[in-house]
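The structure appears below as C-alpha cells.
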Amino acid sequence: MKYMALIYMAEGREPTPDSAEFGPWMARWQEVTKIFEDAGVMRGGDPLEPTATATSVRVRGGKTETMDGPFAETKEQLGGYYILDCAHLDEAIKYASMLPAAELGTVEIRPIMDYSE
C-alpha cells in the first residue's frame, strides 16, 4: 500500500542555509532518503517552497477565488512529502519516524487511495 508522509513544521525551525547546522541537517535528509531507496519503499517526495509562495484556490457560486498563502492558519505548515510503498501502516510509521522533521514538527501518514482496482 502506498502512504504519503506529509511533513509539517513551523517555518524557521530548521537550520538556515547560511548556518553551520545546515550541512549536517541536509545530510540527515539525504541519509534517510537513501535508506528509503535502498529498502525499495521510496516512490517520490519533494520539499515545498515556503508558505509565502502559496496560493489557495476555491470556487464559490461558480466564481474562482484566490488568496495568497495557505488556507489554514496554523503554526506548523506543510513543508514537503514522501510517498512510501509499505506493506502496512507499522512499516510506514517506522520509516516516517526516521525523518528529521519528526523531531521538530509532525509527520502525518495517510494511505493513498487506489482507484485502479
Side-chain angles (χ1 to χ4, degrees):
M1 166 158 263
K2 288 184 186 168
Y3 293 89
M4 183 170 276
L6 301 160
I7 301 164
Y8 292 92
M9 285 190 348
E11 289 184 347
R13 292 275 329 254
E14 70 277 0
T16 58
D18 59 343
S19 70
E21 297 83 14
F22 186 74
W25 172 255
M26 291 308 297
R28 289 183 62 207
W29 285 99
Q30 292 166 345
E31 289 168 14
V32 169
T33 299
K34 178 125 176 55
I35 290 169
F36 295 173
E37 290 170 343
D38 290 348
V41 300
M42 180 80 173
R43 295 296 176 266
D46 283 300
L48 300 175
E49 292 289 343
T51 57
T53 66
T55 301
S56 294
V57 178
R58 62 182 175 188
V59 177
R60 299 293 185 268
K63 182 180 176 193
T64 301
E65 301 173 354
T66 61
M67 296 177 275
D68 290 341
F71 183 72
E73 291 289 329
T74 64
K75 286 184 180 181
E76 291 185 343
Q77 301 293 333
L78 179 62
Y81 68 93
Y82 279 84
I83 297 174
L84 305 173
D85 194 354
C86 299
H88 45 72
L89 178 59
D90 288 339
E91 184 180 24
I93 291 170
K94 176 183 92 170
Y95 289 115
S97 69
M98 295 178 190
L99 294 168
E103 297 171 15
L104 299 177
T106 303
V107 178
E108 176 185 351
I109 302 169
R110 295 183 63 184
I112 296 175
M113 287 186 182
D114 182 1
Y115 288 117
S116 65
E117 298 174 358

Minimum heavy-atom distance Glu76-Gly105, with the two atoms named: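 Looking at all heavy atoms of both residues, the shortest contact is OE2-CA, 3.4 Å.
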Taking every non-hydrogen atom, the tightest pair across Ser97 and Ala102: O-CB, 4.3 Å
Pairs satisfying salt bridge (charged side-chain N to carboxylate O under 4.0 Å, His left out), at least one member in residues 23-41, at least two apart: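 Non-adjacent pairs meeting salt bridge (charged side-chain N to carboxylate O under 4.0 Å, His left out): Arg28-Glu103, Lys34-Asp38.
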Any pair counted as salt bridge (charged side-chain N to carboxylate O under 4.0 Å, His left out), so long as it reaches residues 41-56, sequence neighbours left out: Arg43-Asp85
Summary of ring pair (Phe, Tyr, Trp, His ring centres under 6.0 Å) pairs that have at least one residue in residues 40-64, sequence neighbours excluded: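 For residues 40-64, and leaving out neighbouring residues, there are no ring pair (Phe, Tyr, Trp, His ring centres under 6.0 Å) pairs at all.
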Contact list for residues 3-34, test ring pair (Phe, Tyr, Trp, His ring centres under 6.0 Å), sequence neighbours left out: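 Ring pair (Phe, Tyr, Trp, His ring centres under 6.0 Å) check on residues 3-34 returns Trp25-Trp29.
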Glu11 side chain vs Pro50 backbone, donor-acceptor pair below 3.5 Å: no
For Met113, the rest of its hydrophobic cluster, which grows through side-chain links under 4.5 angstrom: Tyr115
[X] with [Y], same ILVMFWY side-chain cluster at under 4.5 Å:
X	Y	result
Ile35	Tyr81	no
Ile109	Leu99	no
Leu6	Ile83	yes

Nearest 0.5 Å, please: how far is [atom2] in [Y] from [atom1] in [X]?
X	Y	atom1	atom2	result
Glu14	Met26	CD	CE	10.0 Å
Met4	Arg110	CE	CZ	9.5 Å
Thr106	Leu78	OG1	CG	11.5 Å

Would you give me the side-chain donor-acceptor pairs under 3.5 Å for residues 86-93, sequence neighbours excluded?
from  : atom 1 : to    : atom 2 : distance (Å)
His88 : ND1    : Asp90 : N      : 3.4
His88 : ND1    : Glu91 : N      : 3.2
Glu91 : OE1    : Ala87 : N      : 2.5

Partners passing ring pair (Phe, Tyr, Trp, His ring centres under 6.0 Å) against Tyr82 (at least two apart in sequence or in another chain):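 With sequence neighbours excluded, Tyr82 shows a ring pair (Phe, Tyr, Trp, His ring centres under 6.0 Å) to Phe36, given in chain and number order.
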Counterpart residues, side-chain hydrogen bond (donor to acceptor under 3.5 Å, both in side chains), relative to Asp18 (two or more places apart):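 By the side-chain hydrogen bond (donor to acceptor under 3.5 Å, both in side chains) rule, Asp18 matches Thr16.
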